[in-house]
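First listed ligand is number 1; within each ligand, the first listed atom is number 1. We number each residue from 1, following the sequence as shown.
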Amino acid sequence: MSRPLFVSLDGPKGAGKTTLLEAIAKVLRADSKKVIRLSEKKSDPFRGDTMALVNQSARNPDLDLEREICERLADSRAWISRHVLTQQPPDSIILMDRWYPSDAAFRRKVPFSEILQLNIDRNVRAPDLHVGVVTTPEISWARAASRSRGLGSTVIHKVEEHVACTQAFEREVASHGWILCRNEGMIEEATMQVISEIYKVPGCP
Ligand SMILES: Cc1cn([C@H]2C[C@H](O)[C@@H](COP(=O)(O)O)O2)c(=O)[nH]c1=O
């Protein structure tokens, strides 16, 4: 039985995931692939409540609170796996903006191995290709700061926290063998790197 190819893009803020995802979708569509663009944020019915806890935890870091956030995000991904991913055409390529690897960037207290297990226990679908999008922290911080919504409304306020996010994320990318995409030069280069990785996945539509 065939099912869609599931590709996730994760990374610290300002790494350029969404822009890259758009560019990848364009190239794949030009090659007559059926591309489904999804985002964890937009597909998650419980996102508002979870992000309120994320904001609370940014103000008052606490292990139990962080564990609750991890559980809630994993529950949401299980819901998306069951109700959204199963509804996509079997011959499509799903590009997902954020999935469980993003927890490797944002969670400070719960070890990522534990977070991964929470996701596995809930039957969260594992991507066929995990793409970690990073830049040097200076570049992604400047990009995030120049966005229209700015840094004001977000939960990471200090550049030191952003550096820690980037380092923690890169560590997990290496330790899990995810694809590392350094998105700090020409967007075309990063795009073609990911495209070539997608075409290498066995069973790619
Ligand atoms: C998914 C997630 C996002 N964030 C932050 C990063 C961004 O500032 C903001 C929205 O992220 P996004 O638009 O890149 O998905 O929320 C967290 O702090 N923790 C999380 O678990």
Side-chain angles (χ1 to χ4, degrees), residues 7-25 37-81 84 94-112 114-116 118-119 122 124 127 130-135 137-173 178 181 183-184 190:
V7 181
S8 71
L9 278 85
D10 288 278
K13 56 197 282 179
K17 291 180 309 301
T18 310
T19 311
L20 184 59
L21 198 142
E22 276 164 20
I24 294 165
R37 282 189 49 186
L38 294 173
S39 92
E40 182 186 78
K41 176 163 59 186
K42 288 182 195 154
S43 309
D44 177 1
F46 317 108
R47 193 67 160 189
D49 292 343
T50 304
M51 287 313 280
L53 296 181
V54 167
N55 273 289
Q56 189 186 324
S57 133
R59 288 191 303 274
N60 288 304
D62 173 84
L63 178 62
D64 288 335
L65 178 56
E66 194 175 281
R67 198 171 279 122
E68 188 185 340
I69 291 166
C70 295
E71 288 169 355
R72 291 187 58 110
L73 285 169
D75 286 340
S76 291
R77 293 182 198 114
W79 189 93
I80 297 168
S81 297
V84 181
I94 298 172
L95 301 178
M96 178 66 83
D97 192 334
R98 294 203 180 287
W99 201 238
Y100 58 72
S102 281
D103 277 333
F106 296 118
R107 310 282 86 84
R108 292 277 79 89
K109 293 177 176 289
V110 182
F112 184 71
E114 225 175 280
I115 298 175
L116 187 56
L118 285 175
N119 283 268
R122 286 163 174 74
V124 169
H130 303 74
V131 181
V133 187
V134 299
T135 68
E138 294 73 23
I139 293 178
S140 40
W141 185 250
R143 273 191 201 151
S146 69
R147 281 179 188 162
S148 54
R149 67 177 186 259
L151 292 165
S153 64
T154 64
V155 294
I156 291 163
H157 298 284
K158 295 202 210 88
V159 69
E160 303 83 70
E161 289 165 343
H162 182 65
V163 172
C165 267
T166 304
Q167 289 172 344
F169 184 71
E170 281 202 47
R171 223 166 24 240
E172 297 300 335
V173 171
W178 301 334
C181 177
N183 188 23
E184 52 201 6

Exercise. Nearest to atom 14 (O) of ligand 1 by heavy atom, Glu40, Lys41, Arg98, Lys13: which?
Worked result: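 Residue with the shortest heavy-atom distance to the ligand atom: Arg98.
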Problem set entry | Any N/O pair Arg107/ligand 1 closer than 3.5 Å |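 Yes, Arg107 has an N/O under 3.5 Å of an N/O on ligand 1.
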For this session: Identify, by atom number and element, the atoms of ligand 1 in contact range of Lys17, meaning under 4.0 Å from any of its heavy atoms.
Result: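 Matching atoms, with element in brackets: 14 (O).
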Problem set entry | Distance filter under 4.0 Å to Met51 heavy atoms, resulting ligand 1 atoms |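 Within the 4.0 Å cut-off of Met51, ligand 1 contributes 3 (C), 4 (N), 16 (O).
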Exercise. Is Arg67 paired with Glu114 through a side-chain N to carboxylate O contact shorter than 4.0 Å?
Worked result: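 A salt bridge is present here (some side-chain N lies under 4.0 Å from a carboxylate O).
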Problem set entry | Carboxylate-amine/guanidinium contact Asp44 Arg98, below 4.0 Å |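 Judged by the 4.0 Å cut-off on N to carboxylate O distance, Asp44 and Arg98 do not form a salt bridge.
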For this session: Could you tell me if any non-hydrogen atom of Arg47 lies under 4.0 Å from any atom of ligand 1?
Result: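 Judged by the 4.0 Å heavy-atom criterion, Arg47 does count as contacting ligand 1.
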For this session: Not counting sequence neighbours, which residues clear side-chain contact (heavy atoms from CB on, under 4.5 Å) with Asp49? List them please.
Result: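 In terms of side-chain contact (heavy atoms from CB on, under 4.5 Å), with neighbours along the sequence ignored, Asp49 is linked to Arg72.
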Exercise. Judged by atom type as modelled, is there a donor-acceptor pair below 3.5 Å linking the side chain of Arg143 to the main-chain atoms of Ala15?
Worked result: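 A pair under 3.5 Å: yes.
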Exercise. Mind checking what makes side chain to side chain donor-acceptor pair (under 3.5 Å) contact with Ser8, not counting sequence neighbours?
Worked result: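 Here the qualifying residues are Asp10.
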